[in-house]
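A quick write-up on the structure given underneath.
Residues take their numbers from the sequence shown, with the count starting at 1. Quick caveat: nothing in here was measured; it's all calculated off a predicted structure.
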Amino acid sequence: MTDTAVASEHRFDQRPEVAEHLDVVIVGAGLSGIGAAYRLQTECPGKSYAVLEARDALGGTWDLFRYPGIRSDSDMFTLGYPFKPWRDAKAIADGSSILRYIEETATEHGIDRHIRLRTKVVSADWSSAESRWTLTLAERDAAGRTVERTLTCDFLYACAGYYDYDRGHAPEFAGADTFAGRIVHPQFWPEDLDYAGKRVAVIGSGATAVTLVPSMAEQAELVTMVQRSPTWISPVPGRDKQADAIRRLLPPHLAHRVIRTKKILFGIGFYQYCRRFPGAARTLLTGLTTRILKDERAVAEHFTPRYDPWDQRLCAVPDGDFFKAMKKGKAQVVTDHIDRFVPEGIRLKSGRVLAADVIVTATGLQLLAFGGITPHVDGVPVRLSEQFVWQGAMLTGVPNFAVCVGYTNASWTLRADLSSRLVCKVLRHMDANDYAAVVPEPDGDLTEHPLLDLTSGYVQRSIGDFPRQGGRHPWKVRQNYLLDSATTLRTDLGKTLRPTPRAHRRTPVSAGAR
C-alpha cells in the first residue's frame, strides 16, 4: 500500500464531523490535477487546498487504463509539465512511464500530502449569501465502507477531464450472446485475459485500436482491426534524435525548454498546414503510409478517410508499429460494417465471417462534463448547455468555479497548464481587490458554437450537454497555444469578471433559471 493511501485512510478515520473549510478544492488527481496543485502551491502560496480523487490511486487516465500497449498520443515533451523535464528516452511514452512521472511530480513537490483518495464529489452547491461552495463527498475506506461528509471551499477547480471513467461507449451488437469466445472493452481490461496464439478482432479505428493492434500482435496468432471507415493514421518517430542531442549538450531544465518549444512549433505548424492545405496533407499522409506498406491499393481502401486531416484527431503510431505489424502478417485491417456476432466470430455486411477467439470493442469513450459534477447555484442546478466558457476555463453563471480542458489538436497539458496559471491569477486578483467572488459576464450577445469543434463520433454523441464557446475572445476556445500563451495571462480580468466585494455581497440571478 502506498504512503498516499495510508495517509488517506488516516484522514478518513480522524477527520472531525464538523465541515472542514479550504481555500481551494481541486477535483481529480490525474495529470491535470497534479499540475494544478503545483501551480497553486507556487503562485498562490499560503492557500489551503486539497485534491479529491474518487479512485484508489492518483494518475487518472494513466492509472485507469491497463490495456496492452497503452501510451501517449502526444509527445511527452509537451504532454509533460513545463516545470519537470521529461527524462525518459521515448518521446511517445507507455502508460506506466507516464504514471511514474505523475507520481514523482506529486512526491517531489509534496502534493501527495494534499491528495484524498477514494473521495468522490457527489454534489457542489454555491451559496451567494456565504460566497462559498458546499461539497457533499462520498468517502470510501479501504474496506469499501462509504461515509458521507461535507466540505466547504471558496473556489472549486474541476480537473477531472471530460470522459466518463465509469462507462465507455458500448453499442449493442446483435448476436453478442452467441459468440463462443470472450468480449472485452479496453476501458475495463481483464487481468486474466490470455490471447497468446489466438485470433483477435479489434472493433474500432481510433487511438485505442491502433495502439492495441501492434501490441497484441506480438503474442496473438492474428489481430484484425474492423473499421466502418478509415481514420487518418500517421507514423511518428518513437524517439527524437534531435532531442537526445539537445539533452546531451544542455542542462536538463534548459534542454526541456528548448525541446518543448521545438515540439510546440512543429505541432502547431503541422496542424495549420493540414487545415490550410488539406489536399497536400492528404498526399503527405498517404505517401508516408504507402512508403511503409508498399501497397497503394491497401492504403486507398483502408487508410484514406473521406474527411480531411484534423477534422478528427490524428492517430499517431510511433515508428509505424501498426503498419509494421501488418507487413509481418501479424495484423490486418478490414473495412466493412458489422452485421452481427456469430459463435465463431463476426459476420460482416458483405457476408464474410471473421473468425475470432477474442473480440475487443474499442468503440470509443463516453463524454461526461467535468467528472460528472453538476454545479448548483443557491440550490438550483446549472444548465451547463446554456452557459459560455470564458478563457477556456470559467463558466458564466457559476461563481468561483473553473474547469480544466486541454487542446484537441495538441498536447492536453499545454492548455491545462495555462488554465491553472489563469486560475491562480484570478485568485490573486480576488485577494488584491478583496472580492468574495467573481463570475464571467459577457459584454453583449455571444454567437454560440460547440465547445469541442471535432466531427468525431464520441464528441458528437454528447457535446450537447456541455457549455458553449463564443465567436470572439475571451469566449472563444482557440486551438492555438501560441496565441493563448501570449494573451491568456495578460487578460484584463476587470473587463469580463463581475465581482462580489466581501463587504457588499449580492445574490445573482441563478444560472439554472436563465
*Check the pair T487 / R490 against side chain to side chain contact (heavy atoms under 4.5 Å, CB included), numbers first and verdict last.*
CA-CA 5 Å; T487 61; R490 293 181 173 84; 5.7 Å; no
*asked:* So does P309 get a backbone contact from the side chain of R275, meaning a donor-acceptor N/O pair under 3.5 Å?
replied: yes
_Closer than 3.5 angstrom, by distance alone: can the side chain of N400 be matched with the main-chain N or O of V438 as a donor-acceptor pair?_
yes
*Any donor-acceptor pair under 3.5 Å linking the side chain of T107 with the backbone of E104?*
no
_Atom pair CG/CZ of D88 and R100 - distance to nearest 0.5 Å_ = 5.5 Å
*Search all heavy atoms of A217 against all heavy atoms of A325 and return the closest pair with its distance.*
CB-CB, 4.3 Å
_R260: which residues meet the salt bridge (Lys or Arg N to Asp or Glu O under 4.0 Å) condition with it, sequence neighbours left out?_
none
*So among V213, V223, V202, which one has a side chain to side chain contact (heavy atoms under 4.5 Å, CB included) with V360?*
V202
_I'd like to know if the side chain of T408 pairs up with that of Q479 as donor and acceptor (distance under 3.5 Å, no hydrogens or angles considered)._
yes
*So, for V398 and P375, which heavy atoms are closest and what is the spacing to 0.1 Å?*
CG1-CB, 4.2 Å
_Sub-4.5 Å side-chain heavy-atom contact between T363 and H185_ = yes
*asked:* Side chains of K90 and R71, heavy atoms from C-beta outward: is any pair under 4.5 Å?
replied: no
_Can you give me the closest heavy-atom contact between A207 and V210, atom names plus distance?_
O-CG2, 3.3 Å
*If you take all heavy atoms of K198 and V358, which pair is closest and at what distance?*
CD-CG2, 4.5 Å
*Are there more than 12 heavy atoms of other residues, nucleotides or ligands under 6.0 Å from atom CZ of R228?*
no
*Step by step, work out the side chain to side chain contact (heavy atoms under 4.5 Å, CB included) result for K263 and D240.*
CA-CA 10 Å; K263 292 288 189 179; D240 189 324; 2.7 Å; yes
*D311 backbone acceptor or donor facing D308 side chain under 3.5 Å*: no
*Check the surroundings of atom NZ in K120: do more than 12 heavy atoms from other residues, nucleotides or ligands lie under 6.0 Å from it?*
no
*Out of curiosity, L482 CG to I264 CD1, how far, rounded to the nearest 0.5 Å?*
7.5 Å
*How about Y81 and T413: do any of their side-chain heavy atoms sit closer than 4.5 Å?*
yes
*asked:* Is it the case that over 12 heavy atoms from other parts of the model lie below 6.0 angstrom from the CD atom of Q242?
replied: no
_Check this for me: does any side-chain nitrogen of one of R239 and D319 sit under 4.0 Å from a carboxylate oxygen of the other?_
no
*asked:* Using the rule given for side chain to side chain contact (heavy atoms under 4.5 Å, CB included), can you reason through D295 versus F303, listing the C-alpha separation, both sets of side-chain angles and the distance that settles it, and then say yes or no?
replied: CA-CA 11 Å; D295 188 338; F303 302 108; over 6 Å; no
*Could you verify whether a donor N or O on one side chain and an acceptor N or O on the other, from Y407 and D484, lie under 3.5 Å apart?*
yes
*Side chains of W412 and S32: donor-acceptor distance under 3.5 Å anywhere?*
yes
*F323 to P235 - nearest heavy-atom pair and separation*: CE1-CD, 4.1 Å
*asked:* With heavy-atom distances below 4.5 Å as the criterion, would you say the side chains of T491 and Q391 are in contact?
replied: yes
_For F277 and Y273, take the angle between the two ring planes, folded into 0 to 90°, and tell me which bin it lands in: parallel under 30, tilted 30 to 60, perpendicular over 60._
tilted
_Distance flag, aromatic centroids of F83 and Y38, threshold under 6.0 Å_ = yes
*Mind listing the closest non-hydrogen atom pair of D141 and R118 along with its distance?*
C-NE, 3.7 Å
*Given side chains that start at C-beta, do those of W232 and C274 come closer than 4.5 Å, heavy atoms only?*
no
_Test item: Y101 side-chain N/O and R87 main-chain N/O as donor-acceptor pair under 3.5 Å_ = no
_Exceeds 12 heavy-atom contacts within 6.0 angstrom, atom CZ of R478_ = yes
*Quick one: pull up OH in Y481 and OG in S411 and give me the separation to the nearest 0.5 Å.*
10.5 Å
*Chi angles and distances behind the salt bridge (charged side-chain N to carboxylate O under 4.0 Å, His left out) call for R140, D56*: CA-CA 9 Å; R140 179 170 44 86; D56 294 315; 3.0 Å; yes
*Atom CG of L384 and atom CD of Q387: how far apart are they, to the nearest 0.5 Å?*
7.0 Å
*Would V122 and L137 satisfy side chain to side chain contact (heavy atoms under 4.5 Å, CB included), going step by step from the backbone distance to the final call?*
CA-CA 5 Å; V122 177; L137 311 177; over 6 Å; no
_Between Y67 and T211 (side chain of the first, backbone of the second, donor and acceptor by atom type, cut-off under 3.5 Å), is there such a pair?_
no
*So, does R415 use its side chain to make a donor-acceptor pair with the main chain of C404 at under 3.5 Å?*
no
*Salt bridge D417-R39, side-chain N to carboxylate O under 4.0 Å*: yes
*Expected output: side-chain W310 to main-chain F270 donor-acceptor under 3.5 Å*: no
_Separation between CG of L22 and CZ of F155, rounded to the nearest 0.5 Å_ = 14.5 Å
*Would the Y157 and Y49 ring centres measure less than 6.0 Å apart?*
no
*Counting only N and O atoms by type, is there a donor-acceptor contact under 3.5 Å from the side chain of T224 to the main-chain atoms of Q332?*
no
*Can a salt bridge be assigned to the pair R428 and E43 using a cut-off of 4.0 Å between side-chain N and carboxylate O?*
yes
*T304 vs T289 side-chain heavy atoms within contact, under 4.5 Å*: no
_4.5 Å side-chain heavy-atom contact, I98 and I102_ = yes
*Do any N or O atoms from the side chain of K47 and from the backbone of L40 form a donor-acceptor pair under 3.5 angstrom?*
no
_Taking R247 first and then D244, would you say they form a salt bridge - that is, a charged N and a carboxylate O separated by under 4.0 Å?_
yes
*What's the spacing between L418 CG and K425 NZ if we round to 0.5 Å?*
11.5 Å
*Check whether any side-chain heavy atom of D23 sits under 4.5 Å from a side-chain heavy atom of D154, and report yes or no.*
yes
